[in-house]
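This report refers to the structure that appears directly beneath it.
All values reported here derive from a predicted model rather than from experimental measurement. Atoms considered below: every heavy atom in the structure, side chains included; atoms not considered: hydrogens, waters and symmetry mates.
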Amino acid sequence: MSNHKFFLRFLGWWVCWVAFGLLAGIVRAEIGSTNQSGATGSFATRAEKSFRSAQKDFQKDPRNPEAALQFGRACFDWAEFAENNDQRERIALEGIVACRAVVALQPKSAAGHYYLAMNLGQLARTKTLGALRLVDEMETEFQTARDLDEKFDYAGPDRNLGLLYAEAPGWPTSIGNRSKARHHLQRAVLLEPDYPENRLNLLEAYLKWGEKIGAQREFTATSELLPKAKKEFAGAQWEVSWLDWATRWKKLQMKFAEFGKNMGSPRTEKNRR
C-alpha cells in the first residue's frame, strides 16, 4: 500500500487519531475510508498474509535491516485493517520495534524513519492520553525521512508532514500550522505531481481553507491527471488506493461544485486580499 493519510481531531484537551480508511494509504493514512467497504476482506487477508511472512523473516534474523524494514511496513499495512484498538496497538508496537531496529542499524535509512513515523501514527490512533507526545515524535521522524530522501514513497515525508500540520490543533496545544501545512502539501505536489494522493490532499486542503484560486488550479490538474494515473498505478497493489481515491474524488467534485456557487470569482477573491 502506498496511500497514507492522517486526520487529527481535537477532543477535549487531547489529540485523537481517527480513520478515513486507507492510505491512506495510511496517513491516506494514508488510515482510510476503505475500511468501511465490503471489498476490504481480501485486502485485509492479503495484508495479514504479508505481515505473517515478514514477521517470520524478522524473527529469524532481527539484525537484518531489510527484514526489519519489511516487517515494519507490513505492520503498518495490516494495522489499517485492525478490528479494534487493542489489536491495532499490538501490531503498531511490533512495527515500532522493527523500525527502531532499522534506524539503529542504519541511521540514514529514510524508509526506516518513515515507517517508524507511520507506525507511531497507528499507535496514536489508539490513544487519548499520550497522543500529543506521539505526534511530536512523528513530526521528528517524518522530518528526518525528508532530509534523507524527500522523494521516498512519492514525496511521502512532505505529504504526511502537510497532513499533520493541517489537521493537528495549533499552538499551544499541538503542532498544527496552516502555513507549514500549505508548504509541505505543495512541496509534495512539486516533487511528485503525477501521484494522485498528493493532488487530492492539496485540493482537499484548499477547499477546507476556502482558497478558490488554488482549488481551481488543483481541481483542473487532478481532473487531467486521474485518467493517466489509472494506467501508471495499475495492478493488485494499487486496488485499495484506487478505491479510496475514487471515493474521495467523487466527494471533491461535489464539494467543488458547491464551493464555486458560494465564492466569488478568482479575480474578486484576489482583490479582497
Side-chain angles (χ1 to χ4, degrees), residues 3-20 22-32 72 76 79 85 88-89 92-93 95-96 99-100 103 110-192 197-198 200-211 214:
N3 178 22
H4 309 298
K5 180 172 182 177
F6 299 90
F7 284 100
L8 286 162
R9 182 171 61 186
F10 186 60
L11 299 177
W13 294 283
W14 305 106
V15 175
C16 298
W17 289 85
V18 293
F20 88 95
L22 181 74
L23 121 227
I26 196 323
V27 151
R28 105 223 225 110
E30 168 196 331
I31 318 187
F76 171 81
N85 278 344
R88 177 172 286 111
E89 181 177 11
L93 286 172
I96 289 168
C99 291
R100 290 201 193 284
V103 300
H113 289 283
Y114 183 79
Y115 282 105
L116 174 55
M118 300 298 276
N119 279 291
L120 287 167
Q122 293 285 18
L123 180 61
R125 292 172 66 188
T126 72
K127 304 294 182 182
T128 52
L129 299 176
L132 290 174
R133 177 185 59 79
L134 292 170
V135 168
D136 290 340
E137 189 174 1
M138 287 176 64
E139 177 188 30
T140 298
E141 294 301 327
F142 279 133
Q143 288 173 337
T144 301
R146 180 180 183 273
D147 291 342
L148 291 167
D149 183 1
E150 62 182 356
K151 285 199 170 187
F152 182 77
D153 193 24
Y154 303 95
D158 274 304
R159 178 170 64 249
N160 284 295
L161 281 169
L163 293 167
L164 202 58
Y165 292 129
E167 300 299 333
W171 186 90
T173 303
S174 189
I175 64 172
N177 184 299
R178 184 180 295 188
S179 178
K180 289 183 178 181
R182 182 184 292 104
H183 168 75
H184 288 290
L185 292 175
Q186 289 175 339
R187 181 67 180 169
V189 169
L190 180 65
L191 290 170
E192 295 287 350
E197 180 71 18
N198 294 339
L200 292 169
N201 289 340
L202 186 56
L203 175 55
E204 286 168 342
Y206 281 144
L207 289 172
K208 177 182 177 181
W209 298 332
E211 298 183 10

[X]: which residues meet the side-chain contact (heavy atoms from CB on, under 4.5 Å) condition with it, sequence neighbours left out?
{"X": "K208", "answer": "E167"}
{"X": "A166", "answer": "A181, W209"}
{"X": "R133", "answer": "E137"}
{"X": "E89", "answer": "L93, L123, T126, K127"}

For H113, check ring pair (Phe, Tyr, Trp, His ring centres under 6.0 Å) against everything at least two apart and list the hits. none
Atom of [X], atom of [Y] and distance for their closest heavy-atom approach:
{"X": "A124", "Y": "L134", "value": "CA-CD1, 3.7 Å"}
{"X": "A155", "Y": "N198", "value": "CB-ND2, 4.2 Å"}
{"X": "N119", "Y": "A92", "value": "O-CB, 3.7 Å"}
{"X": "D153", "Y": "R159", "value": "O-NH2, 2.9 Å"}
{"X": "A110", "Y": "A145", "value": "O-CB, 3.6 Å"}

Just to verify, what does Q186 make a side-chain hydrogen bond (donor to acceptor under 3.5 Å, both in side chains) with, not counting sequence neighbours? Y206
With D158, which of K151, H183, Q143, H184 fulfils side-chain hydrogen bond (donor to acceptor under 3.5 Å, both in side chains)? H184
Answer whether the closest heavy-atom distance between the side chains of F142 and M118 falls below 4.5 Å. yes
Do E139 and Y165 have side-chain heavy atoms sitting under 4.5 Å apart? yes
For the pair E150 and R187, find out whether any cationic side-chain nitrogen is under 4.0 Å from an anionic carboxylate oxygen. yes
What verdict does the side-chain hydrogen bond (donor to acceptor under 3.5 Å, both in side chains) test give for D149 and Y114, after you've listed the backbone C-alpha separation in whole Å, the side-chain angles of each residue and the deciding distance to 0.1 Å? CA-CA 10 Å; D149 183 1; Y114 183 79; over 6 Å; no
